[in-house]
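If you read the sequence from its start, that first residue is 1, and numbering goes on from there.
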Amino acid sequence: MSPEVLSQPVVDTVKTPDRAHSRARAARRRRIVVTGARVLLLVAVLGLWEVLSRAEVIDPFNFSMPSKIWDQISTWVTHGTALGSLGEQIWYTLHEALLGWIIGVVAGVVFGIALGRITFLADVLGPYIKVLNSIPRIVLAPIFVIWFGLGPASKVASAVVLVFFPVFFNAFQGAREVDRNLVANARILGASDRRVTLQVVIPSATSWIFTSLHVSFGFALIGAIVGEYIGATKGIGLLVAQSQGTFNAAGVYAAMVILAAVALVAEGLLTFAERRIFRWKTSGSDH
């Protein structure tokens, strides 16, 4: 064998999978540590709350305590609420929030992309959108109850106005931030405005839109709850209003815990969908 061949560096093919396994083990350990820290923090906060309430350092009538909140949730699960079964109340609120979220997202994406692509529309409608955005949307909930009554329509409308603006501004910004070279190349290849919008602009703005979806579903829940709190026949918001009316602090906190659980499940589903859609980003960042 020649000296030139002997002097060439040898690529160590064994260390590469070892490094990958080491990174995977480190990532698993970090996830375990983070999850453990989260659980410990939650247990510490709930334990301190329980101890302070039982010792009457804080007023247990106003602040309740975790054990009473758990008892309230158990009672609602096993015996139902004054409005019907707990599942029915959750579904009623979730249905309103989902419908308002879907309408708000679709409207926000359509208007955001349209105004991001058509400068004339942005110039004409921009001031009106800024004025509408400056109005506190929560105060519109009583107006919607007057317009649409105590049924689901007023809650859906409240959810729509809360969801629309964050989605609209993200979609608008995403359409404006599209790589101009991509648009120019598409036009050179003979793409029409419609094809450029559908095949270049919208895919490029998708990451911006998904960013707003995580926040907007929480806004949809807020819109539905506020509408139910003001006036409704069913729903978690009405449970909150009734619990407040009877000075049942445990009932108010129990409804908040249920809403938090629903929001966390929705966030998990959105994160899963985002990872599936943007899997190419994850794989690209690994190299």
Side-chain angles (χ1 to χ4, degrees), residues 93 95-149 151-180 182-184 186-187 191-230 237 263 266-267 270 273-274 277-278:
T93 299
H95 174 261
E96 295 165 346
L98 277 173
L99 189 56
W101 181 71
I102 292 172
I103 296 173
V105 166
V106 172
V109 169
V110 170
F111 278 91
I113 297 295
L115 268 66
R117 291 282 296 142
I118 305 174
T119 306
F120 178 76
L121 277 181
D123 293 339
V124 172
L125 299 179
Y128 297 103
I129 292 176
K130 291 179 181 178
V131 170
L132 292 174
N133 185 48
S134 65
I135 298 174
R137 263 86 72 186
I138 294 297
V139 302
L140 297 175
I143 298 176
F144 292 145
V145 171
I146 295 173
W147 287 354
F148 304 116
S154 58
K155 288 71 179 174
V156 171
S158 298
V160 168
V161 296
L162 285 174
V163 170
F164 172 81
F165 288 98
V167 176
F168 166 81
F169 285 115
N170 272 40
F172 177 81
Q173 191 64 29
R176 286 292 179 92
E177 294 293 330
V178 175
D179 189 348
R180 299 303 173 189
L182 290 177
V183 176
R187 292 193 182 281
S192 62
D193 287 340
R194 177 174 173 272
R195 291 179 67 89
V196 168
T197 300
L198 293 177
Q199 298 181 3
V200 177
V201 176
I202 292 179
S204 298
T206 303
S207 59
W208 287 80
I209 295 169
F210 258 94
T211 301
S212 66
L213 297 188
H214 292 277
V215 179
S216 62
F217 187 79
F219 288 162
L221 279 175
I222 292 171
I225 292 298
V226 170
E228 291 172 351
Y229 184 85
I230 293 173
E267 173 69 18
L270 282 173
E274 185 176 15
I277 292 175
F278 296 108

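Using a 4.5 Å heavy-atom cutoff, the side chains of Ile222 and Phe219 are in contact. Proximity of Phe168 to Asn133: side-chain heavy atoms (C-beta onward) are nowhere separated by under 4.5 Å. Residues Val215 and Pro166 are not in side-chain contact: their nearest non-hydrogen atoms beyond the backbone lie 4.5 Å or more apart.
Taking every heavy atom of both residues into account, Ile103 and Val156 meet most closely at CD1-CG1, 4.2 Å. The two residues Ala122 and Leu115 come nearest to each other via the heavy atoms CB-O, 3.4 Å. Taking every heavy atom of both residues into account, Ala141 and Val226 meet most closely at CB-CG1, 3.9 Å. Nearest heavy-atom pair across Ser158 and Gly223 is CB-O, 3.5 Å. Phe165 and Ile129 make their closest contact through CE2-O, 3.8 Å (heavy atoms, listed as atom of the first residue, atom of the second, distance). Of all heavy-atom pairs spanning Ala97 and Ala220, the tightest one is O-CB, 3.5 Å.
Across Val106, Val110, Val105, a single residue satisfies side chain to side chain contact (heavy atoms under 4.5 Å, CB included) together with Val167, and that is Val105.
Counting only N and O atoms by type, the side chains of Trp147 and Ser154 include no donor and acceptor under 3.5 Å apart.
The CG atom of Leu99 sits 13.5 Å away from atom NZ of Lys155, with the distance rounded to the nearest 0.5 Å. From Leu221, atom CG reaches atom OG1 of Thr93 across 8.0 Å, with rounding to the nearest 0.5 Å.
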### Task
Report the C-alpha separation of Leu98 and Phe217 in whole Å, then their side-chain angles, then the decisive distance to 0.1 Å, and conclude whether the side-chain contact (heavy atoms from CB on, under 4.5 Å) test is met.
CA-CA 8 Å; Leu98 277 173; Phe217 187 79; 3.6 Å; yes
### Task
Step by step, work out the side-chain contact (heavy atoms from CB on, under 4.5 Å) result for Leu213 and Trp101.
CA-CA 9 Å; Leu213 297 188; Trp101 181 71; 4.1 Å; yes
#### Entry: Worked check of side-chain contact (heavy atoms from CB on, under 4.5 Å) between Ile143 and Leu140
CA-CA 5 Å; Ile143 298 176; Leu140 297 175; 4.1 Å; yes
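More than 12 heavy atoms of other residues, nucleotides or ligands lie within 6.0 Å of CZ in Phe148, so this atom counts as buried by the packing criterion.
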